[in-house]
Amino acid sequence: MAETDSQDEFDRLLDDFISQQLADAEDNLTDLAELKETGKPAPQYPEDEAETIQKLYQEERQLYDAYHNFRNAITAVAKNANMEPPHFEFGARYIYPRFRPSRTKQLNQDIFSGWELLAMAQPVRLSSLPANASDEQILNFAEKTTDENLQCALISYVEILIELDGCEIAYNMRKAKAEKRKIEKEIFEEHQRRKERMKKYIEAIEAQHFPIDAERLVNNFFKSVRKDPEGAQKILETNPATFAPIQVEKIPPRFFGMIKPKPEDGIRVNKEIGKFLKNLKV
């Protein structure tokens, strides 16, 4: 039983990994398309942090600035308390060219480290801050505290949360835009394939010199296919004249032109066309 559970967990982790890899690949294509559209350079790693900061889009720059203020405030609090500041790792490279939810792990770790430092450096002041305090409660608390560094840390922390929401919204909008472009492309490509297939049908029918309007036949058939594919195909093979009438007057006369075409000949030709279309592969 334990072995089965272990295998199930491995399969789940593998599925999660593959899904994440596919999501990252799709995000990469979206980011590259936006970089091309806006004229920004493609990411080059490793890259100078200052240059990367300057290349950030507005949402990412605001998030970085809020984080930068938080980091500086935490460092100042640690210095005043004669404590070693946390080792912060997050930087502009994590959100360039664009923010992704999957890239916030290091940011969250840095924020957690910052709060650990605050709890150790300011235990008395922070004891009056409610557990799981809301953004509004944190800001109200920050407004009343007399320690400027602590105040800056708390305010910049809330700013990080606000900017994260902004980046998340912008990310979802980009995803929606990319999905729309993908759907539009698929529709266009399907339309082109459909046009090409119709063209082949028309050319194949016209090559047989059947007394029927091939273009009208094919157009009406494809219209019917949208509503009832199986029914339309059956009619095409058994009674194609439903989609375009047999042009009896264009049926060649028999016996050296002495016997003119009759309505019965139209029935015969209709069957011939149906048999041809049944075996037609395009």
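In what follows, residues are counted from 1 in the order of the sequence shown. For the numbers below, each heavy atom of this structure counts, side chains included, while hydrogens, waters and symmetry mates do not.
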| Are any of the side-chain heavy atoms of Lys79 and Pro85 separated by less than 4.5 Å? | no
| request: Verify the distance criterion only: is there a donor paired with an acceptor across the side chains of Glu89 and Gln106 at less than 3.5 Å? | output: no
| query | Is it true that Ile111 and Met120 fall in one hydrophobic cluster, defined by side-chain heavy atoms closer than 4.5 Å? | reply | yes
| message | Within the 4.5 Å heavy-atom criterion, are Glu59 and Phe99 side-chain neighbours or not? | response | no
| message | According to a hydrophobic-cluster definition based on side-chain heavy atoms being under 4.5 Å apart (Ile, Leu, Val, Met, Phe, Trp, Tyr only), do Leu161 and Ile95 belong together? | response | yes
| query | After noting the C-alpha distance and the side-chain angles of Leu277 and Ile205, does the key distance pass the side-chain contact (heavy atoms from CB on, under 4.5 Å) rule? | reply | CA-CA 8 Å; Leu277 294 175; Ile205 295 170; 3.8 Å; yes
| query | Leu118 and Leu150: side-chain contact (heavy atoms from CB on, under 4.5 Å), yes or no, with the steps? | reply | CA-CA 8 Å; Leu118 289 179; Leu150 176 60; 3.9 Å; yes
| request: Could you tell me whether the side chain of Arg197 reaches within less than 4.5 Å of the side chain of Tyr201, counting heavy atoms only? | output: yes
| request: Evaluate the side-chain proximity of Lys199 to Ile202: yes if any heavy-atom separation is below 4.5 Å, no if none is. | output: no
| Validation row: Arg98, Tyr171 side chains within 4.5 angstrom (heavy atoms) | no
| said: With a 3.5 Å distance limit and no angle check, can you tell me whether Ser134 reaches the backbone of Gln137 through a side-chain donor-acceptor pair? | reply: yes
| note | Interatomic distance, OG1@Thr145 vs CD@Gln151, rounded to 0.5 Å, equals 7.0 Å
| message | I'd like to know if Arg193 and Glu190 make a salt bridge, using a cut-off of under 4.0 Å between side-chain N and carboxylate O. | response | yes
| request: Rounded to the nearest 0.5 Å, what's the gap from CD1 on Ile183 to CD on Glu179? Could you check? | output: 4.5 Å
| query | Any idea which heavy atoms bring Phe70 and Ser156 closest together, and the distance? | reply | CA-OG, 3.1 Å
| task | Mind checking the CD1-CG spacing from Ile246 to Asp213? Nearest 0.5 Å is all I need. | result | 11.0 Å
| note | All heavy atoms of Arg103 vs all of Tyr96, minimum pair found to be NH1-O, 3.2 Å
| task | To the nearest 0.5 Å, tell me how far Leu63 CG sits from Glu159 CD. | result | 11.0 Å
| task | Would you indicate whether the side-chain heavy atoms of Glu60 and Glu163 approach each other to under 4.5 Å? | result | no
| Quick one: does Glu49's side chain have a donor or acceptor within less than 3.5 Å of a partner on Ala92's backbone? | yes
| request: Check the surroundings of atom CD in Glu136: do more than 12 heavy atoms from other residues, nucleotides or ligands lie under 6.0 Å from it? | output: no
| task | Please report the shortest heavy-atom distance between Asn149 and Ala73, naming the atom on each side. | result | O-CB, 3.7 Å
| request: Could you tell me how the ring of Phe90 sits relative to the ring of Tyr67: parallel (under 30°), tilted (30 to 60°) or perpendicular (over 60°)? | output: perpendicular
| field | Residues Gln233, Lys278; criterion side-chain contact (heavy atoms from CB on, under 4.5 Å); working and verdict | value | CA-CA 9 Å; Gln233 184 64 35; Lys278 183 177 182 178; over 6 Å; no
| field | Gap separating the CD1 atom of Ile160 from the NE2 atom of His68, nearest 0.5 angstrom | value | 11.5 Å
| request: Scan side-chain atoms only and decide if Gln192 and Glu196 contain a donor-acceptor pair under the 3.5 Å cut-off. | output: no
| said: Give me the atom names and distance for the closest heavy-atom approach of Ile74 to Gly114. | reply: CD1-O, 3.5 Å
| message | Walk me through whether Ile212 and Asn270 qualify under side-chain contact (heavy atoms from CB on, under 4.5 Å). | response | CA-CA 9 Å; Ile212 195 170; Asn270 186 38; 5.9 Å; no
| note | Scanning both residues in full, the closest heavy-atom pair of Phe88 with Asp110 reads CE2-O, 3.4 Å
| query | Taking atom CD of Glu143 as the centre, does the number of heavy atoms from other residues, nucleotides or ligands within less than 6.0 Å exceed 12? | reply | no
| Roughly how far, to the nearest 0.5 Å, is CD1 of Ile235 from CG of Asp228? | 7.5 Å
| said: Looking at Glu272 and Arg268, is any side-chain nitrogen of the basic one under 4.0 Å from a carboxylate oxygen of the acidic one? | reply: yes
| Heavy-atom check, side chain of Lys55 versus side chain of Pro97, under 4.5 Å | no
| In terms of hydrophobic clustering (I, L, V, M, F, W, Y; side-chain heavy atoms under 4.5 Å; direct or indirect links), are Ile162 and Leu154 co-clustered? | yes
| query | Does Glu116 CD have over 12 foreign heavy atoms under 6.0 Å away? | reply | yes
| request: Answer with yes or no whether the side chains of Arg194 and His191 bring together a donor and an acceptor at under 3.5 Å. | output: no
| field | Ala121 versus Pro123, closest heavy-atom pair with distance | value | C-CD, 3.3 Å
| request: Check the hydrophobic clustering (I, L, V, M, F, W, Y; side-chain heavy atoms under 4.5 Å; chains of links allowed) and say if Val225 and Leu280 are grouped together. | output: yes
